[in-house]
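Everything below concerns the one structure shown next.
All values below were derived from every heavy atom in this structure, side-chain atoms included, with hydrogens, water molecules and symmetry-related copies excluded.
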Amino acid sequence: MRSPSDLLLLHGVIILFVGVLTGFPYWIAIIRDWDASSVRAWRAAHVLLVVDGLVMMAVALALPLAGLTESAAHFVAWNLIASGYGFVWAFTLGAVSGHRALTPSSRGWDLLLFPGHFIGAAGSVLGMGALVLGML
């Protein structure tokens, strides 16, 4: 079984790579002068996923020094991993579809995208909150 740090590092690199890949449609949106909302959506996907991947990698490197129990370290890792993939889903599909879905709704794209935002936000808060509490 991989350690929590190994898991975070692996998935952080994957999230970073997806963020780098979203730079391509962001570039296309700029050079082809797409509407401002499309440019903004691809910029958000690109920047957020690159930063999220880097944060996951940084936490992976710091986790062994944090003094957490093995179960607490796994809790941190899996929450941040779920968060990363939730944001991959929400931001890339949101940029492709042209929808944001930042509030819950039972129709259309909102039904598909809001859960990704929720998982992304909740995983970030739970994972980072557990890391901070565990280090106190």
Side-chain angles (χ1 to χ4, degrees):
M1 175 185 251
R2 291 184 175 206
S3 73
S5 292
D6 291 345
L7 289 168
L8 261 177
L9 193 57
L10 168 65
H11 292 283
V13 168
I14 292 169
I15 302 296
L16 175 63
F17 182 59
V18 173
V20 168
L21 290 177
T22 60
F24 182 70
Y26 175 39
W27 172 68
I28 295 294
I30 293 169
I31 65 170
R32 295 213 174 143
D33 201 28
W34 291 358
D35 62 286
S37 65
S38 292
V39 173
R40 183 177 55 248
W42 284 111
R43 180 179 54 239
H46 175 61
V47 171
L48 182 121
L49 296 177
V50 166
V51 169
D52 200 21
L54 291 172
V55 166
M56 290 169 70
M57 293 166 65
V59 171
L61 297 174
L63 203 54
L65 306 172
L68 302 177
T69 65
E70 187 74 11
S71 61
H74 274 286
F75 182 85
V76 169
W78 283 112
N79 273 282
L80 293 181
I81 290 166
S83 170
Y85 288 113
F87 283 141
V88 164
W89 172 263
F91 279 91
T92 56
L93 193 56
V96 167
S97 70
H99 291 84
R100 293 174 71 186
L102 297 176
T103 58
S105 174
S106 61
R107 61 180 199 276
W109 286 102
D110 292 352
L111 186 62
L112 291 173
L113 297 176
F114 179 76
H117 287 294
F118 182 82
I119 290 167
S124 293
V125 169
L126 289 172
M128 293 304 286
L131 180 62
V132 169
L133 288 175
M135 292 179 69
L136 292 177

To the nearest 0.5 angstrom, please state how far the CD1 atom of Ile31 sits from the OH atom of Tyr26.
-> 12.5 Å
What class does the angle between the rings of Trp78 and His11 fall in, given that below 30° is parallel, 30 to 60° is tilted and above 60° is perpendicular?
->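 Aromatic pair Trp78/His11 classed tilted.
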Please tell me if the side chains of [X] and [Y] come closer than 4.5 Å, counting only heavy atoms from C-beta onward.
| X | Y | result |
| --- | --- | --- |
| Leu133 | Leu136 | yes |
| Val59 | Met128 | yes |
| Ser124 | Phe87 | yes |

Could you tell me whether His46 and Phe91 have their ring centroids closer than 6.0 angstrom?
-> no
When you group the ILVMFWY residues by side-chain heavy-atom contacts below 4.5 Å and let the links chain together, are [Y] and [X] in the same group?
| X | Y | answer |
| --- | --- | --- |
| Leu63 | Val125 | no |
| Leu7 | Ile119 | no |
| Leu80 | Val51 | yes |
| Val50 | Val55 | no |
| Val76 | Leu10 | yes |

For residues Ala77 and Pro4, report the shortest heavy-atom separation together with the two atoms involved.
-> CB-O, 3.7 Å
Shortest non-hydrogen contact between Arg2 and His74, atoms and distance = O-CE1, 4.0 Å
Donor-acceptor pair, distance only, cut-off 3.5 Å: does the side chain of [X] make one with the backbone of [Y]?
| X | Y | answer |
| --- | --- | --- |
| Ser5 | Ala60 | yes |
| Ser97 | Leu93 | yes |
| Trp89 | Pro115 | no |

Can you name the one residue among Asn79, Leu126, Leu68 that meets side-chain contact (heavy atoms from CB on, under 4.5 Å) with Leu131?
-> Leu68
What residue among Val96, Val47, Ile28, Ile30 forms side-chain contact (heavy atoms from CB on, under 4.5 Å) with Trp42?
-> Val96
Begin from the C-alpha positions of Asp52 and Val88 and carry the test side-chain contact (heavy atoms from CB on, under 4.5 Å) through to its verdict.
-> CA-CA 10 Å; Asp52 200 21; Val88 164; over 6 Å; no
Criterion side-chain contact (heavy atoms from CB on, under 4.5 Å) on Leu16 and Leu49, from CA distance to verdict | CA-CA 6 Å; Leu16 175 63; Leu49 296 177; over 6 Å; no
Just wondering, more than 12 heavy atoms not from Tyr85 lying within 6.0 Å of its OH?
->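 Yes, OH of Tyr85 has more than 12 neighbouring heavy atoms, counting only those of other groups under 6.0 Å.
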side-chain contact (heavy atoms from CB on, under 4.5 Å) evaluation trace for Met57 with Ile15 = CA-CA 10 Å; Met57 293 166 65; Ile15 302 296; over 6 Å; no
